[in-house]
Amino acid sequence: MENETKTVVPNFIRTIIDEDLKSGKHAHIVTRFPPEPNGYLHIGHAKSICLNFGLARDYSGRCHLRFDDTNPVKEDVEYVDSILEDVRWLGWDWKEHLYYASDYFDQLYAYAELLITEGKAFVCDLSFDELREYRGTLTQPGKNSPYRDRPIAENLDLFRRMKAGEFPEGSKSLRARIDMASPNLNMRDPVFYRIKKTDHHRTGDSWMIYPMYDYTHCISDALEMITHSLCTLEFEDHRPLYDWFLDALPVPSHPRQIEFARLNLSYTVMSKRLLLEMVKAGHVQGWDDPRMPTIAGLRRRGFTPESIREFADRIGVAKASSMVDYDLLNFCLREDLNKCALRRMAVLDPLKLTITNYPDGQTEDLEAENNPEDESAGNRQIKFSKHLYIEREDFMQEPVKGWFRLAPGKEVRLKHAYYIRCNEVIKDADGQITELLCTYDSQSRGGWSEDGRKVKGTLHWVSVAHAVPIQVRLYDHLFTIPDLSDIPEGKSYLDYINPQSLKINELAVAESSLAEAASGEKYQFLRLGYFAVDPDTTKDKIVFNRISTLRDSWAKKQKNTK
RNA sequence: UGGGAUGUCGUCUAACGGUAGGACAGCGGAUUCUGGUUCCGUACGUGGGGGUUCAAAUCCUCCCAUCCCAGCCA
């Protein structure tokens, strides 16, 4: 990755960093990616990961990976593990800079006592409902809590007893003394410690109280000497609080929070809550279902880390909410795989084709390049014989204008093999085409002839005797509409799940070299698309996921003329 | 209707007072043993009204639209 020499496109965050470096405010930058381990990472997180780690790389700074694990009720080690794996898989290295907010619990607690001592925080006995009432509304100011002016000593005592587990959950909270009349609700004496008698996945049962995000995040950033703390737009309103805590405490630094727009991708959802729902309700088969926008899903589908990083670069970063076209992701995938995926032949919807003038029982080995974009990928042998399969779609009884695939009387090239001409069409009682009888030109071995004859159509094919049956999973968008944030009243995103998002093809056959295909390998099936071997693959059944199709200008043309 | 933010080709994103550029998508063409790739060409945009200025996407002003905020979630 260090070799990626690309022209960096400017953005507002780089502008800020450039200024901070130039002015001497910072000698080097420190960023961080701070996931909460309460779900799997998705491509929206990938944007943030690539942003933070990418900035650190480009500016020779560093990027921390820090788990924001302050709510044991929602968090789990399963998620910690998956996040670690996903970030690593994406190609990033946090080196020794792996942190957990829970590592700061002691320091955080000490700071809280300090805030109390300085009269900047108080223990409040208001219940959830009362608190909501006292908070006021968007247009009306809130009211001071009756406990707001408790003596410092009492606050301290109560807080210590909260810590000791003397009070039930919800009965007390620690709040900052700021301003109940603030137009910013976050500043209306926000709660920043609550009682939760839940075991934490790292600290076990040692804590009865847990600090909240607004308090924890800014201090964690400060302790780690983060210079630029990047987060999404919805935290803009929290920045005053971020700054308030840091101003109120003797922290070693005061990072700058900068907000950017989160990624929205067309035809999918990007909320952990919704994704979790999809998993739980069985609309998909798990977090790593190849239709999911999760890193795990994309990985299983066959997307490469390179393509996702490229995608993250290309979408850029700005403050305006936006929705990125899924086609850009496809483009990045194709761009990457075109360079490195080995070419193979497979037929998804086989139609039998017999070469009548080819010797019975003969088999030939034909030479085929593995990748026209990369000579070093070498060649392989493919088996040719009298009986073949071609794609049913590649034959048309009565060809339309512009058709240059197979049709009665027409000559086409079988890729890497021979020119053939179709002489006869065999149908069953229902009129279904069951077989094509063709003749081949033995002089065109390798798919080329000396006479300069123009044969425009080239088909992929598989020898019947050597065909390896495969299962192919064809995917489409998870949802039927591009913008899931724009759902009419009374409808749910569930109403827009695409029932066609997965089609399983059991008819497909592949050339013999694919018999040993191993999980995770990616190929281009000639003229069909990019495919990855799914982990469901067993010795008896090879399973391929279609990652994406190839561009298809013929299909496009047909669509346009209709 | 309080506060915070944002409006640039269909989409994403540059331009920071001086020719509105790039990418994806689109369209057209060339090359091609993948109707792939590659290459070339082409169309398309500053939310609106006022103002400042020789000059405005950029500065001022009014308006409009969209997004976020009333968890002891992050």
Side-chain angles (χ1 to χ4, degrees), chain A residues 7 9-11 15 34-36 38 68 70-71 73-75 124 126-128 131-132 135-142 169-175 182-188 190-196 209-210 212-214 216-217 231-240 259 261 263 266 272-273 314-325 327-332 334-335 338-339 343 345 368-369 372-373 402-405 413-417 419 444 446-448 455-460 482 485 524-529 549-558 560:
Chain A
T7 51
V9 324
N11 62 53
T15 304
E36 183 191 13
N38 68 342
D68 224 328
T70 58
N71 186 355
V73 177
K74 293 187 173 180
E75 296 154 10
C124 184
L126 255 24
S127 68
F128 293 91
L131 191 69
R132 192 180 318 122
R135 184 157 31 228
T137 67
L138 292 179
T139 50
Q140 288 170 315
E169 290 187 15
S171 65
K172 284 183 167 44
S173 63
L174 185 67
R175 297 224 263 157
S182 171
N184 180 345
L185 302 237
N186 295 117
M187 300 300 271
R188 319 244 260 229
V191 171
F192 66 100
Y193 259 98
R194 74 295 216 194
I195 300 170
K196 271 188 199 292
I209 56 172
Y210 291 93
M212 292 180 64
Y213 167 84
D214 286 305
T216 309
H217 202 91
C231 64
T232 44
L233 255 25
E234 65 268 29
F235 292 102
E236 267 170 335
D237 286 346
H238 295 245
R239 188 170 4 115
E259 310 85 12
L263 169 67
S266 59
K272 278 195 213 172
R273 201 195 94 235
R314 283 180 181 256
I315 59 177
V317 55
K319 295 205 69 159
S321 308
S322 60
M323 161 87 60
V324 175
D325 194 333
D327 276 346
L328 182 60
L329 220 205
N330 263 341
F331 171 84
C332 295
R334 292 178 184 140
E335 182 188 43
N338 177 53
K339 288 181 305 194
R343 271 57 169 176
M345 289 201 285
E369 62 193 349
E373 306 295 319
W403 178 263
F404 50 80
R405 276 116 98 151
R413 169 172 34 242
L414 293 178
K415 181 78 178 173
H416 302 308
Y419 294 167
S444 61
W448 186 81
V455 175
K456 186 123 178 161
T458 300
L459 309 188
H460 58 277
S485 69
Q524 183 196 102
F525 289 174
L526 241 45
R527 306 209 301 137
L528 292 176
T549 61
L550 255 28
R551 258 215 206 96
D552 189 347
S553 58
W554 170 248
K556 194 178 292 174
K557 204 179 194 176
Q558 292 306 290
N560 289 345

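Values in this document were obtained by computation on a predicted structure and should not be read as measured data. Below, chain A is the first sequence line, B the second, and so on; all start at residue 1. Atoms considered below: every heavy atom in the structure, side chains included; atoms not considered: hydrogens, waters and symmetry mates.
Between Ser321(A) and rC68(B), a side-chain N or O to OP1/OP2 separation shorter than 4.0 Å is absent. The phosphate of rG36(B) has OP1 or OP2 within less than 4.0 Å of a side-chain N or O from Ser553(A). Note on Lys319(A): every side-chain N or O is 4.0 Å or more away from OP1 and OP2 of rG7(B). A sub-4.0 Å separation between OP1 or OP2 of rC73(B) and a side-chain N or O of Arg194(A) is present. Between Asn560(A) and the phosphate of rG26(B), there is no side-chain N or O to OP1/OP2 separation shorter than 4.0 Å. Residue Arg551(A) places at least one side-chain N or O closer than 4.0 Å to OP1 or OP2 of rU37(B). At least one side-chain nitrogen or oxygen of Ser322(A) sits closer than 4.0 Å to the OP1 or OP2 atom of rU13(B). Side-chain nitrogen and oxygen atoms of Arg334(A) include none within less than 4.0 Å of the OP1 or OP2 phosphate oxygen of rU38(B). For the pair Lys556(A) and rG26(B), the criterion of a side-chain N or O lying under 4.0 Å from OP1 or OP2 is met.
Judged by ring centres under 5.5 Å apart and planes tilted less than 30 degrees, Tyr213(A) fails to stack against the six-membered base ring of rA74(B). Once the 5.5 Å centre distance and the 30° plane angle are applied, the aromatic ring of Phe331(A) is found not to be stacked with the base of rC24(B).
Geometric assessment of Lys196(A) against the ring of Tyr210(A) yields a negative cation-pi assignment under the 6.0 Å and 45° thresholds.
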Filtered N/O pairs between nucleotides 17-21 of chain B and protein, under 3.5 Å:
none

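Mapping Pro35(A) and Ile315(A) onto RNA chain B by nearest heavy atom places Ile315(A) at the nucleotide closer to the 5' end. Between Gly402(A) and Ser173(A), the residue anchored nearer the 5' end of RNA chain B, judged by the nucleotide with its closest heavy atom, is Gly402(A).
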